[in-house]
There are 2 protein chains.
Amino acid sequence: MAIGFPLSLLVRKLESSALLSDEERRAIEGLPVATKIVPAHQDIVSDKEQTSRCCLVLEGWACRYKMLHEGRRQILSLHVPGDIPDLHSLHLEVMDHSLGALSQVTVGFLPHEAIRDLALRFPHLAGVLWRETLIDAAIFREWMTSLGRRDAYKRLAHLFCEMYVRLDVMGLVSDHSYRLPITQVDLSDALGLSNVHINRVLQELRHQELITLRGGVLTINKWPELAEAAEFDTTYLHLRSRPAA
Amino acid sequence: MAIGFPLSLLVRKLESSALLSDEERRAIEGLPVATKIVPAHQDIVSDKEQTSRCCLVLEGWACRYKMLHEGRRQILSLHVPGDIPDLHSLHLEVMDHSLGALSQVTVGFLPHEAIRDLALRFPHLAGVLWRETLIDAAIFREWMTSLGRRDAYKRLAHLFCEMYVRLDVMGLVSDHSYRLPITQVDLSDALGLSNVHINRVLQELRHQELITLRGGVLTINKWPELAEAAEFDTTYLHLRSRPAA
DNA sequence: CGCATACTTGAAATGTTTCAAATCGGGTGG
DNA sequence: CCACCCGATTTGAAACATTTCAAGTATGCG
């Protein structure tokens, strides 16, 4: 459904955290979009690049990441439909990291010029987009907290909770389940752990029956217990309505 | 000097990454500021708070941090004169972390209303402020990379490099030295390590004569070696002119 | 069927933490 | 001006979470 109307996905996303007027909604839906399918494990935008458009994720999972010497990778963020992972490129001329496809990803490209024009015509919308980048940063802060001060078990539990809420907002959760189209190596690079250890912690979560993960589908069996274990609190996602979960 | 003209500090900071017109400069310098001295180890803004003003650091070091259960603390960012650590509060109604004074700090309070008015009158300035929050996020990304994928030695070396460059931009470096008015415990909470380990790694950096740290003054004796060890690259700070160092 | 990729397992090595105690240093009051 | 005190730093040793290495087993796809 969503791919037929890429911009309605964006509207839904923005409305999860801010209020839009009819006029603003229409203006967004009038943006020019060029869609493209990017195969898994391929860069959408690379480190050091300068771009003149933003990427709207329409389908699949993307991530931002940094590589460092000896081939170590840190995944900085995960992106699902509705996200604009490189909205910052509007005001930062050069990329300080890469944006890559974790699964196969359908992206919609939005020209900077069109977004800037929108922001000038609708100052409130400019604020909404700014806000979007601020929520992005709020998520970074929560991840830093995980990376710095939570053990592996809590880190993984926290990530599962976060993705649950973010996907739920976009209507991508049903039966307490969502598609998790990424590997254990990806998880380990997101959480600053080794893939071996992710594997063991995953089993622990399974044995306690907090989650089920089979065939790329994650099910949260006991939300209260999982959220409790992760010390998960949605405040940092800055949603308009607190999710029930 | 700086405290007499708090807003010239802000101008200097903004001009480190963007160009301002004379008119914009004057407009900034016309902002209303209320200054206040906050003693060390005291909150400037607390988690969950809603504010109607932003804090400009004028003197001393502040930090943003999250507390989690069992009293663990993660410091999310360090802030030095010229920084506006809570510029995000302009568009995010509730704080998802705290802002505290590490040393004694002089802050200037800027009413949201005055900043919003400025942004409406000068759309380009709005972009410059937005950009400022994006650089803030870029620093988070670099810290995440440290927390997730760099060992203790590199983490500490990287932090020292970053603060060197950021302070240099504000004219707070001389003789390859800057004031480091924070404790080893603070460093450990910023880098996701224990204070004991910070202490040992600090000694390692000293024994290799990359740095000197005495009486709250850090001197970088061998910049090239330190930057090399940290894999430090200034790109993520998005400065207008690449620093020579 | 065969190959590649992802996942799983075990055992040893490692970086970092914890605990506990000792030392340093700067400021205060006697 | 010295004695004292507190917070910050330093040290050693044992414990621990996590990594590395290496091999094995599933799983999916052409």
Side-chain angles (χ1 to χ4, degrees), chain A residues 39-42 61 63 68-75 101-104 146-159 179-207 211-218 229, chain B residues 39-42 61 63 68-75 101-104 146-159 179-207 211-218 229:
Chain A
H41 313 124
Q42 192 171 300
W61 284 34
C63 76
L68 18 102
H69 304 170
E70 328 117 42
R72 299 176 88 87
R73 174 176 71 152
Q74 178 63 44
I75 289 182
L102 251 17
S103 66
Q104 180 183 98
S146 274
L147 288 167
R149 290 294 183 221
R150 285 198 254 257
D151 65 23
Y153 185 84
K154 288 189 174 196
R155 268 184 237 189
L156 190 53
H158 199 281
L159 184 72
R179 289 225 62 225
L180 187 79
I182 68 177
T183 68
Q184 293 184 7
V185 170
D186 296 330
L187 284 173
S188 68
D189 284 341
L191 299 177
L193 298 163
S194 70
N195 57 341
V196 172
H197 200 54
I198 281 288
N199 183 279
R200 297 196 231 262
V201 172
L202 212 36
Q203 289 177 52
E204 214 181 323
L205 282 170
R206 283 198 265 235
H207 285 139
I211 62 152
T212 311
L213 176 54
R214 242 198 345 261
V217 173
L218 181 91
Chain B
H41 314 123
Q42 192 172 302
W61 284 34
C63 76
L68 17 103
H69 305 170
E70 326 117 43
R72 299 176 87 85
R73 173 176 72 152
Q74 178 63 44
I75 289 182
L102 252 19
S103 66
Q104 181 183 96
S146 275
L147 288 167
R149 289 296 184 222
R150 286 198 254 258
D151 64 24
Y153 184 84
K154 290 189 173 198
R155 266 184 239 189
L156 189 54
H158 199 281
L159 185 73
R179 288 224 64 224
L180 187 80
I182 67 178
T183 67
Q184 293 184 9
V185 170
D186 296 330
L187 284 173
S188 69
D189 284 342
L191 298 177
L193 298 164
S194 69
N195 58 341
V196 172
H197 200 53
I198 280 288
N199 182 278
R200 298 197 229 264
V201 172
L202 212 35
Q203 289 177 53
E204 213 180 323
L205 281 170
R206 284 197 263 235
H207 285 141
I211 62 153
T212 310
L213 176 53
R214 241 198 345 261
V217 174
L218 181 90

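In the text below, chain A, chain B and the rest are named by the order of the sequence lines, each starting its count at 1.
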Self-check item: Side chain to side chain, B:R155 and B:L193, heavy atoms closer than 4.5 Å
Solution: yes

Exercise. Ignoring the backbone of B:S194, work out which of C:dC7, D:dT10, C:dT17 is nearest its side chain.
Key: C:dT17

Quiz item: Is the phosphate of D:dT20, meaning OP1 or OP2, less than 4.0 Å from a side-chain N or O of A:R72?
Solution: yes

Quiz item: So which nucleotide from D:dT10, D:dA13, C:dT16 ends up closest to the side chain of B:L193?
Solution: C:dT16

Exercise. Would you classify A:D151 as touching base, sugar-phosphate or nothing, given that sugar-phosphate means primed atoms plus P, OP1 and OP2, and contacts are heavy atoms under 4.0 Å?
Key: sugar-phosphate

Practice problem: Counting heavy atoms from C-beta on, name the nucleotide in D:dT10, D:dA8, D:dC21 closest to the side chain of B:H41. | Solution: D:dA8

Quiz prompt | Position toward the 5' end of DNA chain D (nearest nucleotide), B:R200 or B:V185 | solution = B:V185

Practice problem: Could you tell me whether the phosphate oxygens of D:dT18, OP1 or OP2, come under 4.0 Å of any side-chain nitrogen or oxygen in B:R149? | Solution: no

Quiz item: Can you check whether A:R214 has a side-chain N or O nearer than 4.0 Å to OP1 or OP2 of C:dC7?
Solution: no

Quiz prompt | Under-4.0 Å side-chain N/O to phosphate OP1/OP2 contact, B:Q184 with D:dG7 | solution = no

Quiz item: Among the nucleotides C:dA6, C:dT17, C:dT8, which one has an atom lying closest to any side-chain atom of B:H197?
Solution: C:dT17

Practice problem: When you get a sec, tell me which of C:dA6, D:dT9, D:dT20 is the closest nucleotide to the side chain of B:T183? | Solution: D:dT9

Quiz item: Base, sugar-phosphate, or nothing for B:R150, non-hydrogen atoms under 4.0 angstrom?
Solution: nothing

Practice problem: May I ask you to say what B:G215 touches in the nucleic acid, namely base, sugar-phosphate or nothing, with a heavy-atom cut-off under 4.0 Å? | Solution: nothing

Practice problem: Would you please confirm or rule out a distance under 4.0 Å between OP1 or OP2 of C:dC7 and any side-chain N or O of A:Q203? | Solution: no

Exercise. Would you please say whether a donor-acceptor pair under 3.5 Å links the side chains of B:N195 and B:Q184?
Key: no

Quiz item: Is any side-chain heavy atom of A:R149 closer than 4.5 Å to a side-chain heavy atom of B:R73?
Solution: no

